[in-house]
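For reference, positions follow the sequence shown, starting with 1.
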Amino acid sequence: MAEVLATMVVGPLVSMVKDKASSYLLDQYKVMEGMEEQHKLLKRKLPAILDVITDAEEQAAAKREGAKVWLEEVRKVAYQANDVLDGFKYEALRRKAKKEGHYKALGMDVIKLFPSHNRIVFRHKMANKLRMILQEIDVLIAEMNAFRFKFKPGTPEPTNYLRQSNSDIIDPTNIVSRSRDDEKKAVVCTLLAQVGNENLTVLPIVGMGGLGKTTLAQLIYNDPEIRKHFELRLWVCVSDNFDVDSLADRIVKENGCKTKGSSALEKLQNAVSGKRYLLVLDDVWNHDEHKWERLKSYLQHGGRGSSLLTTTRDDKVAQLMGTTEANNLKSLDEIYIKEIIETKAFGSKQVEQRPRELVEMVGDIVKRCSGSPLAATALGSVLRTKTSKQEWEGILNRSMICDEENGILPVLKLSYNCLPSYMRQCFAFCAMFPQDYEIDVQSLIHLWMANGFIPEQPGVCHETIGEKIFNELKSRSFFQDLKSVPFDKRISTSARSTNMYCSRITCKIHDLMHDVAESAMGKECAAITTRPSQSEGALHSTRHLYLSVNRPENHLNASPEKGSPAFQTLICDGYVKEDMKILSKYNSIRALKIDRGSFLRPKYLHHLRYLDLSGSDIEALPEDISILYHLQTLNLSDCRVLQRLPKELKYLTSLRHLYTHKCPKLKSMPAELGHLSCLQTLTCFVVGTDTSCSNVRELQNLDLGGRLELRQLENVARADVVEAAGLGNKKKLTELELVWTDNDQQAQNNNHKEVVLGLKPHDGLKALRIYSCGSSTFPSWMNMLNGMVEFTLCSCEKLEKLPALWQLPVLEILQLEELPSLHCLCSGGTTPVTFPKLRVLTLFKMEKFEAWWDTDVVQGEELIFPKVEELDIFWCGGLTALPKAVPVITESSGGVNTKCRSAFPELRKMMLNDLNMFDRWEAVEGNLGEGVTFPRLEELYISHCASLSALPKGSLLVKQSFGGAETVCPRSAFPALRKLDLDDLSALERWGAAEGTPGEEVTFPVLEKLGIDDCPKLTDLPEAPKLSELGIRGRDQHMSLQAASRYIPSLSILRLDVSPDDAETTLLHVKQKWNHKLPLATMSLGRCDLLFSSHSIWASFARLVDLTIWDCDALVYWPENVFQVLVSLRELSIGRCSKLTGRTQASGEQSAPGRDGLLPHLESLFIKDCASLVEVPNLPASLKGLVIYCCSDNVKSIVFGQQEDTRLARGEGVVQLDTSSSIPGSSSREATTSTAVLKLSSAANHRFFPCLEYLNLVYCRGLSEVANLPPSIKTLFIADCGNLQSLSGQLGDIQKLTIHSCSLLESLDSCLGELRSLEELELYDCKSLVSLPDGPQAYSSLRFLGIKHCDGVKSLPPSLQSLLGCLELGILDARYEEPKTRKCAMRSLACLK
């Protein structure tokens, strides 16, 4: 990367020091008594430096080395002066607190907490510090004069930026999406064309930074055709860290994949296995072919047509990864670049309102951008603040043309340098976050405040200024990818992630903008993530540190060896185990995030303004935290065991934001909370019963905003107390939660109704959630919340009647859960009921809910739910039908209006679960709903609806042309449905509510996935011409194989329990249709004895990649004739096949030809609950994973070897096979007393299993020996093998070893090598194990260790013991813990090296 000469950020720091020197607190409490002259000098000299700081910064940016060194020294002195002045300000706050009685509350601890509280001692110490600062400033001023720096005004404020609304800022992404439409279509077509490709397609998008590669990838990723085509879509930003294991872990976690596996790579493999998926790897820089091939090997388990889209700036990366021709992204056409610049520069002004002389200059600006939309956005944003021709010419003269060497960085640098200095400081601070980090905007603003980056403005609070600064930076594209997320994403009682009003904003920074921030901050900021070596230089030189490593205390405790760091900001995202006494040395720290609070020493943290202990295991904060008089933000959210807050919290008078939500054990709030007059955020107030705690009256004078939860409201004695809280006056509140303790609802004469009445919020509230309220009705003020977007009611057992929610004009989300007394949704309406904006409706666990409206409600012909997109109804046993359908117009195109009858014309997703009485599709007596249509429904899930006998048939379609002529034709009830799941519908017997006449059959014209589970009365399948995935499961399922056979030739995935009604005649019929190779890639078969009676039928499945076989009693011998044709198979699972021995055909019969070539591409084999299994022969060399789960108790040994392994032939060292256990027909008594060796043999020309990487053996209780373990194994997992005594082999490359509950295993020496590659070791409940291997290189790669209940292992080997401080520790017996007397700093340094 070419050097980016962004202006150094020093001016804002000096300006902050100047403001502190003028603070009224210093004079009010006379903390600078005796130092008045020095104080005056300081206030005079700081402006002199500020006058020339702009000139110095520009000269430093122009590579004048002397100016750069001078600025570095100014920055250093400014930090020192900041600490000194902060010390004076703290002393003023201390004296103020003393005056208000804090000393009396602290008692004798005062002397320990304030060792220099004596005024004479304080004056002497601080006078010396101030004198040294002034001497340093004198030197700086002398050098300033020698350099002849001149006065230059700073960058002017953006015009009216504080008043600029977001609606004025036009996002150029829409322009880019139009401009890249051809490229998008080309890539989409390429990806769709791979549908039959068995190999993974990798398509690179290549281009210089800022051309819009990621934007194009996002357009492709979200294209409707792509969404329909791929079963699974995954996205991850790679950047410069291509560590394969951590990358696999991120792909799985960041995309919410619920999958099992013993390693991240195995989880990834299982997530994509058999599915047609699209994975986007954004911003790849990796040149290591080995790393790519390793990741690729786990990605190749997807279904046909699976594709990987990668974006990169490097042609070599594209050549390394690509399997198709790279898409070399060209520069954006100048027409679009011009449009972006004009949009950003002139905003929403009409063309005729734009100054002509400026419009004429746009063409020259366009040439500076080299077709980069990011550069155009950045330059346009700069020009937005310039209004004259001279200013535009100045920008043109300063702007370099983008070129191949520097890319667009010169333009981005110019955009950055044109910011006001405090905005440069705010943005450059973000260099402390890793690339592609998701930044919480509210937390970012609080960090800016903690560091003093936000300038003072009379009458405007810091948070408001911070929001305006962020919006201005966002409008100039310094921030991107803004996303709204719920403040606190709850999991509802139905174990589903609920929809919530999104009040939090997150954002990211483009990697090139991140480069600009890094260049401006130099060593001031550092982000240490996965590689400890990063910390060697950063820990003692940086001032703002983001540390995301496990056990960060090891890195921090080692740093004083090279000098104590002067951290201003320290964010630790890793797990902290040991005490961090080192924090006492960070006495300059302003912002701290860490997950342990027990070791806080507040007396060393006087400067602290931001403290985030969220998610930590603290039970209580230290009482002396109340001396942190500067503290502005305290985050205690998600502290699950936190029981109390400090008693003297009221003395934290600077506190502005207190986060206490998700602390279930917190029972009260400390007394006199109302003294915190600066408090703006209090996320949870817990009403206590103790007289020494605060009641809700304390909230009266607090100007709270954002989210507020009031918990334990049953403890409110009188309604007038909550009225005094004054919620109606808190206009900044956006979310309000009212929570009672659940068991209080049954109390007689509870005052819940009166309390709710007194808690009336302001009308503009966005979200209201009420939990466990014992009132039977709710007050009328709920109908007046005209700004409410979300309303949630949960666990209100006595509630019989809802307020008139349809009167809320902007309500979008309505969730009603566990309301057992509620019988209808709408009651008391005098006008027709409609919910005009509702998008999401959830009804959950309401036993008496039986109707959509009461009998007194006026029912018109208008839609009740015109905009609902998602409908979830669970456990509403009395509900019999959906609302009445009405005529609607669903489409209008080509002069034709399409009409149908529907209650939910915009519905996209519907779930109906456990509705025992539900039997009709609309609430009209005598009508089953045969004419109902769901015109936009894409996903439908119906489960446990015992009375439902049919799906809707659909309405007659009426098309009206402009001429007025009408035509009538049949229409599907589900014209847009793509996914349908039917589960446990015992009465369902028809696909339509009435039998169709010819030409009017019920169809699913675009249905792609159909799942039928335990619907015994369904005997046929509907018309679904685009079906690609079919599942028919259930013991009582009577769906004929013949009925399914018509779809199988077009399916890619089939899961089928063969009906017991099927016979040989069925098979003959099916074979006639399956006379060619089918496209099936994934197939799961249950009770499939019939298919194994004819081997010839399997030739049709030659393209299978993933095969699962369950409950097949016909499977006795290893089916060589079947497997011989499955040449594409990669994954094979066999379960509950109780007669399968695994042996080849009886000895007298000739074996199948080509035995060594069976399943040539098999990579994964899973065998479960096959009680007769004694052998798995002729496994191919391609095998990577083997899982054996619950093998027979008769299997005493598992032996790996070749087909002609002499040890197996002679039976040396193993139990001889008693053939009675493997011959069909042998008695059960003989079978139970016999013993067997489970032989795992590979083909004769392959020694061991050269590719086998993971082996899982679980619940093999009779197993005593595992022999000849192949050396290729990287992951070995053995659990619940209680008789296992011996493991042998040479696992030289083992990376992860897990052994659980193997109580007879004594040693690992016979199977483990030098353990150089071992990364994770877990040993639990191995009571006979006496020692662990040791060696000079042993455990050198270890990252994770867990050892529990291994009583025979008295101590760890020295090579392992010495690493304890560097490891992520799981459960570890106390005897292995390091003695407390040993120092860990030197060992930590060794870990870093």
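A 4.5 Å side-chain heavy-atom check between Leu727 and Leu708 finds at least one atom pair inside the cut-off. You'll find the side chain of Ile439 stays beyond 4.5 Å of the side chain of Thr506, heavy atoms only. A heavy-atom distance below 4.5 Å is found between the side chains of Leu592 and Leu608. Contact check for Met669 versus Leu682: side-chain heavy atoms found under the 4.5 Å cut-off. Side-chain contact between Ile813 and Leu838 is absent, with no heavy-atom pair separated by less than 4.5 Å. Ser484 places a side-chain heavy atom less than 4.5 Å from the side chain of Ile505. Under the 4.5 Å side-chain criterion, counting only non-hydrogen atoms from C-beta, Ser795 is not in contact with Tyr771. The closest side-chain heavy-atom distance from Ser239 to Asp511 is not below 4.5 Å.
To the nearest 0.5 Å, atoms CZ (Phe778) and CG (Leu738) are separated by 8.5 Å. Atoms CD1 and CG, from Ile528 and Asp573 in turn, are 13.0 Å apart once rounded to the nearest 0.5 Å. Atom NZ of Lys344 sits about 4.0 Å away from atom OG of Ser381, to the nearest 0.5 Å. Taking CZ of Phe429 as the start and CG of Leu447 as the end, the distance is 4.5 Å to the nearest 0.5 Å. In this structure, CD on Glu698 lies 9.5 Å from CG on Leu676, to the nearest 0.5 angstrom.
For His514 (side chain) and Phe433 (main-chain N/O), a donor-acceptor pair under 3.5 Å exists by modelled atom type. Ser614 places no side-chain N or O within 3.5 Å of a backbone atom of Ser637 that could act as its donor or acceptor partner. Proximity of a side-chain donor or acceptor of Thr683 to a complementary backbone N or O of Thr660 within less than 3.5 Å is detected.
The pair Asp249-Lys253 meets the salt-bridge criterion, with a side-chain N (NZ, NE, NH1 or NH2) lying under 4.0 Å from an Asp/Glu carboxylate O. A salt bridge is absent between Glu619 and Arg644; no separation between the charged side-chain nitrogens and carboxylate oxygens falls under 4.0 Å. Salt bridge present: Arg769 and Glu790 bring a charged side-chain N and a carboxylate O closer than 4.0 Å. No salt bridge links Lys468 with Glu472; every basic N to acidic carboxylate O contact stays at or beyond 4.0 Å. No salt bridge links Glu737 with Arg711; every basic N to acidic carboxylate O contact stays at or beyond 4.0 Å. Asp481 has no carboxylate O lying under 4.0 Å from a charged side-chain N of Lys483, or vice versa, which leaves the two without a salt bridge. The pair Arg908-Glu869 fails the salt-bridge criterion, with no side-chain N (NZ, NE, NH1 or NH2) lying under 4.0 Å from an Asp/Glu carboxylate O.
Under 3.5 Å, the side chains of His630 and His607 contain no donor-acceptor pair of N or O atoms.
Surrounding NZ of Lys766 are at most 12 heavy atoms belonging to other residues, nucleotides or ligands under 6.0 Å away. Surrounding NZ of Lys593 are more than 12 heavy atoms belonging to other residues, nucleotides or ligands, all under 6.0 Å away.
The aromatic rings of Phe865 and Phe835 lie parallel to each other, their planes meeting at an angle below 30°, with 60° marking the opposite boundary.
Checked against a 6.0 Å centroid threshold, the rings of Phe453 and Tyr422 do not count as neighbours.
For the pair Lys474 and Leu482, the tightest heavy-atom approach, listed with the atom from each and the gap, is CD-CD2, 3.1 Å.
Applying the salt bridge (charged side-chain N to carboxylate O under 4.0 Å, His left out) rule to Lys732 yields the partners Asp703; only residues at least two apart in sequence or on another chain are considered. Listed by chain and residue number, nothing satisfies the ring pair (Phe, Tyr, Trp, His ring centres under 6.0 Å) test with Tyr659 (two or more places apart in sequence, or in another chain). Not a single side chain to side chain donor-acceptor pair (under 3.5 Å) links Thr259 to another residue, sequence neighbours left out.
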